[in-house]
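Step one of this worksheet: look at the structure below.
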Amino acid sequence: MSGKPVLHYFNVQGRMESIRWLLAAAGVEFEEKLIMCQEDLDKLKNDGLLMFQQVPMVEMDGMKMVQSRAILNYIATKYNLYGKDTKERLLIDMYTEGMTDLYELFFKVILAPPEEKDAAKSLIKDRAKNRFLPAFEKVLKSHGQGYLVGNKLSKADILLTELLYMVEEFDASLLANFTLLQALKTRVSNLPNVKKFLQPGSQRKPFPTQEMFEEMRKRFKF
Amino acid sequence: MLKFKLKEVKSGPILHYPECLAAGWGMLSAAVTIGDARATRQPDPPPPRRRQCSLQACRVQFDEEFLETKEQLQKLQDGEHLLFQQVPMVEIDGMKLVQTRSILHYIAEKHQLFGKDLKERTLIDMYVEGTLDLLEMLIMHPFLKPEDQPKEVVHMAQKAIIRYFPVFEKVLRGHGQNFLVGNQLSLADVILLQTILALEEKIPNILSTFPFLQEYTVKLSNIPTIKRFLEPGSKKKPPPDDVYVRTVYNIFMS
């Protein structure tokens with residue numbers, strides 16, 4: 001037992017990537033038990049390790065945590081990335097939930113049938129450009145500080161940075177007019193722990209492609 | 001509806017959402033049925049998310065402003081009252097809160113419904129998130145094509161009986177207490193109760209093989225504030241109907 005958190009998930013970003021980012025940014029070393037085939041998943045289920053028969057699951061501090069939000073909140077609290085009081089926590093929560101809304105649209109593109117893919121992609125562009133990115137840019141502008149909440153690095157900044165990388169990979173032009181967001185992305189990326197995580201060979205997983213999804217579909221029969 | 005004495009704040013929280021959209025079962029004093037619709041463009045009109053959230057362990061008065069027209073939503077958006085141009089939105093403590101989970105967490109924390117320490121809080125979080133996965137199916141249900149609806153009821157019942165209820169039944173049997181976590185009412189109980197009652201509307205005998213959950217449901221429902229909330233005339237919203245579905249489409253999709 002190494003004492004390090006152990007992450008159980010597929011070898012993809014999916015719903016575990018935000019957790020990887022948060023742990024990495026907090027400077028927490030973690031292990032991964034990657035689920036490579038149906039048998040791996042079945043074993044976890046049959047051993048009673050998954051509360052709702054689902055992954056992500058993170059073994060940490062004597063718990064087998066499930067549900068990505070619950071896991072993220074635990075890690076954020078433990079490593080002081082959740083603000084200093086209820087109001088800051090609230091803001092961090094609101095911003096994070098907004099980010100999740102946009103993040104989910106990326107899943108939708110992958111899951112959409114061929115004839116609906118263009119519409120799904122347009123939706124990301126629209127929502128990023130007109131709804132979510134402006135909201136976060138405005139927050140940064142309103143207080144002029146380097147981080148979203150309380151002038152201190154929090155879960156919100158880390159997850160926003162992750163999201164901005166995804167948006168950039170999807171369509172770099174979407175970030176064009178958001179100078180404060182770009183500055184935040186750079187700032188967070190330059191933090192030593194994050195910088196390390198962004199290097200090749202880290203536990204960061206690649207941007208999802210249709211091919212990866214089809215491969216998963218075959219292996220896990222869904 | 002329950003109005004209790006409050007060591008109050010001059011104006012209680014104000015909830016903005018569509019009323020019919022509010023079809024829902026809310027627990028506790030602030031039943032916020034939330035019309036958090038995402039106008040995603042898909043061949044079939046996409047189901048806006050109507051989230052039924054129960055807030056505030058009683059004792060909190062609140063007002064409601066129902067959205068019934070597109071113009072009302074537009075006004076909120078133009079007035080920059082909505083952080084992400086979406087509802088629900090709750091005005092409370094001088095702030096405009098959005099995002100269902102954030103609102104739930106804030107209120108839970110404020111009213112001691114979030115456990116006594118980090119471990120209890122995390123457990124509550126896990127239970128709430130799991131239950132919300134199930135509740136979300138219920139929320140989406142009225143927006144499915146009519147021919148798909150019966151099949152989905154079966155699907156929800158299966159998920160409830162195979163995946164979710166066994167977990168909570170085991171928890172309750174394990175400690176023999178009246179609440180899921182820490183022997184006191186928490187957000188987890190509220191959301192679970194709401195979900196169970198909502199499911200029972202569609203599948204009356206859904207708890208038939210879960211004796212502990214049955215007893216749990218009865219006990220929670222008898223907590224005075226909750227009991228009052230479950231009585232006719234309260235702010236608890238009825239199950240969704242066609243009027244509700246149409247209103248949502250008009251506001252978010254036209």
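The analysis underlying the following values was restricted to heavy atoms, covering all of them including side chains, and did not include hydrogens, waters or symmetry mates. Letters A, B, ... mirror the listed sequences (proteins, then strands); counts begin at 1.
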**Prompt:** From A:T100 OG1 over to B:R101 CZ, what is the distance, rounded to the nearest 0.5 angstrom?
**Reply:** 8.0 Å
**Request:** Just give me the residue among A:Q53, A:K78, A:K87 that pairs up with chain B most often, heavy atom to heavy atom, under 4.5 Å.
**Result:** A:K87
**Heavy-atom contact with chain A under 4.5 Å, split by part of B:F168** = side chain
**Least distance between heavy atoms, A:Q67 atom then B:G130 atom** = NE2-CA, 3.6 Å
**Asked** Do the side chains of A:M63 and B:L123 get nearer than 4.5 Å, heavy atoms only?
**Response** no
**Asked** So how far is it from B:L118 CG to A:N73 CG, rounded to the nearest 0.5 Å?
**Response** 9.5 Å
**Request:** State the CD-CD1 distance between B:E129 and A:I71, to the nearest 0.5 angstrom.
**Result:** 10.0 Å
**Asked** Can a donor-acceptor pair be found between the side chains of A:T86 and B:E109 at a distance below 3.5 Å?
**Response** yes
**Side chain / backbone / both / neither for B:I162 at chain A, heavy atoms under 4.5 Å** = neither
**Item:** Within 6.0 angstrom of A:N177 CG, more than 12 heavy atoms from elsewhere
**Value:** no
**Request:** Calculate, to the nearest 0.5 Å, the distance between atoms OH and CZ belonging to B:Y106 and A:R89 respectively.
**Result:** 11.0 Å
**Complete:** For A:M94 and B:L97 the tightest heavy-atom approach is SD-CA, 3.7 Å
**Asked** Taking atom CG of B:D133 and atom CD of A:Q54, what is their separation to the nearest 0.5 Å?
**Response** 6.0 Å
**Message:** Looking at A:Q210, I want to see if its CD is surrounded by more than 12 non-hydrogen atoms of other residues, nucleotides or ligands under 6.0 Å.
**Reply:** yes
**Fill in**
In B:M95, B:H105, B:Q99, B:K110, the residue satisfying side-chain contact (heavy atoms from CB on, under 4.5 Å) with A:L90 is B:M95
**Item:** Flag side-chain contact, heavy atom, 4.5 Å: B:Y127 against A:M51
**Value:** yes
**Request:** Search all heavy atoms of B:M126 against all heavy atoms of A:V66 and return the closest pair with its distance.
**Result:** SD-N, 3.2 Å
**Message:** Quick one, A:F136 with B:F84, criterion ring-ring contact (aromatic ring centres under 6.0 Å, His included). Give me CA distance, side-chain angles, the key distance, then yes/no.
**Reply:** CA-CA 9 Å; A:F136 299 125; B:F84 302 117; 5.5 Å; yes
**Item:** Part of A:Y95 within contact of chain B (heavy atom distance under 4.5 Å)
**Value:** both
**Message:** With a 4.5 angstrom heavy-atom cut-off, is it the side chain or the backbone of B:V98 that approaches chain A, or both, or neither?
**Reply:** both
**B:V167 vs A:F52, side-chain contact (heavy atoms from CB on, under 4.5 Å): CA-CA, chis, key distance, verdict** = CA-CA 8 Å; B:V167 175; A:F52 300 116; 3.9 Å; yes
**Request:** Could you tell me whether A:K205 atom NZ has more than 12 heavy atoms of other residues or ligands within 6.0 Å of it?
**Result:** yes
**Item:** Portion of A:M65 that has a non-hydrogen atom of chain B nearer than 4.5 angstrom
**Value:** both
**Request:** State the CG-CG distance between A:D93 and B:L104, to the nearest 0.5 angstrom.
**Result:** 10.5 Å
